[in-house]
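What's counted below: heavy atoms across the whole structure, side chains too, no hydrogens, waters or symmetry copies. Order of appearance sets the numbers: ligands from 1, and atoms from 1 within every ligand.
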Amino acid sequence: MHDLKKYIADLTNSIQKSLDSIDSLTACHTFHTQFLGKKGSIPALNDMLKECTIEIKRKLGPIIQKLRAETEIALNNKIHFWTIKEQDAAVEKNSFFDVTLEKNIVAKGSMHLLSLVTHELEEIFISMGFAVCKGPEVEKSFYNFEALNIPKDHPARDAHDTFWLDGYPDLLLRTHTSNAQIHTMQAQQPPLAIVSTGRVFRNEATDASHDFMFMQIEALLVDKQVSLAHLSYTIQTMLRNFFGNETLTIRMRPGYFPFVEPGLEVDASCPFCTTGCSMCKGTCWIELGGAGLVHPKVLQACSIADTIYNGFALGFGISRLALLKYNIPDVRLLYTPKIPFLSQFNTLNR
Ligand code: DAH
């Protein structure tokens with residue numbers, strides 16, 4: 001009896017050690033054969049028990065049964081664990097995707113037309129000495145309106161159907177890139193010249209030429225004795241370069257924007273015709289954006305001495321410029337992931 005008891009205790013120990021060292025499904029099978037199979041050590045205990053007295057059978061029988069049951073449970077857990085682990089490893093091995101292999105390159109990616117156009121415009125301004133900066137899309141009312149001389153209840157706010165953020169009474173999605181003017185002038189004293197591009201948002205119905213989100217380009221120059229001639233030359237240079245048309249001219253009409261005085265609407269001579277076409281609706285002029293000389297109140301809001309400095313600002317729709325240059329009939333095409341349409345512009349990638 002004593003010998004068998006000790007044997008069971010030793011066997012229990014070695015079962016535990018073997019269980020701990022299982023490291024694969026194959027090891028699970030080996031373990032089963034060694035301890036639980038027909039010729040395994042646990043069934044062998046029963047054979048040994050058969051030789052013993054009834055008294056010993058009563059004492060050791062339940063211990064052997066318990067050992068068997070616990071060993072089976074532990075082994076099942078190990079089988080479950082290693083089955084999943086080995087399946088995962090197989091999936092991982094088969095799905096390994098080597099992006100550097102030529103055969104795996106299905107189609108080369110390319111920049112979206114709007115990104116290309118944005119970079120092109122930025123580069124034109126960089127060549128004129130402007131620095132590129134970004135303004136936030138989620139903005140405080142102060143930067144989008146008040147500092148730009150559009151106080152609360154000002155009728156000019158009607159033209160900007162604003163998306164306000166639920167639960168944040170002072171936060172909105174910027175309605176124009178003009179907010180970048182204020183961030184720049186708060187951070188930096190003149191002379192300064194920046195260009196800022198990005199998305200703007202208006203709570204408007206969408207149609208072929210409007211979307212609730214579109215892109216703008218803003219430029220701001222503040223220095224001493226800045227004139228409309230500087231502004232006019234800058235706009236003309238930008239448009240001539242962008243449309244690749246050296247004879248393009250611009251026309252400026254009075255327009256109202258609270259942050260500039262005088263404020264101007266800017267039209268370009270139609271880059272596509274001289275006698276009137278569908279692009280310019282027969283007028284030979286295409287309306288492109290707003291501009292003007294920075295309003296003294298805007299300079300004051302940014303603690304810039306308006307008695308010493310003045311400046312010009314301009315804001316154009318990038319989406320509109322892209323539609324015109326590439327003859328795209330509907331602005332929504334630019335925001336839908338239609339590969340056949342978008343891939344037409346792949347060759348523009350450098
Ligand atoms: N922020 C104006 C808009 O979105 C466009 C604009 C007009 C920008 C005149 C300017 C400007 O910088 O001087 O309607």
For [atom], what's the nearest protein heavy atom and its distance?
atom                    : answer
atom 5 (C) of ligand 1  : G315 O, 4.1 Å
atom 12 (O) of ligand 1 : E218 OE2, 2.7 Å
atom 14 (O) of ligand 1 : R202 NH2, 3.7 Å
atom 11 (C) of ligand 1 : F259 CE1, 3.5 Å

Min side-chain heavy-atom separation [X]-[Y] under 4.5 Å:
X    : Y    : answer
F214 : V331 : no
V294 : N310 : no
T118 : I217 : no
V138 : L173 : yes
T184 : C133 : yes

Query raised in the report: ring-ring contact (aromatic ring centres under 6.0 Å, His included) between F257 and H176: does it pass, once the steps are laid out?
Result: CA-CA 12 Å; F257 302 100; H176 52 179; 9.3 Å; no
**Report entry** Those atoms of ligand 1 less than 4.0 Å from some heavy atom in V260
**Finding:** 13 (O)
Requested in this report: Enumerate the atoms of ligand 1 whose separation from the nearest heavy atom of Q216 is less than 4.0 angstrom.
Outcome: 3 (C), 4 (O)
Query raised in the report: Considering only heavy atoms, does T177 approach ligand 1 within less than 4.0 Å through its side chain, its backbone, both, or neither?
Result: neither
Requested in this report: Please determine if A313 has a nitrogen or oxygen closer than 3.5 Å to a nitrogen or oxygen of ligand 1.
Outcome: yes
**Report entry** Distance-only N or O hit between ligand 1 and S178, under 3.5 Å
**Finding:**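 The answer is yes, given that S178 and ligand 1 share an N or O pair closer than 3.5 Å.
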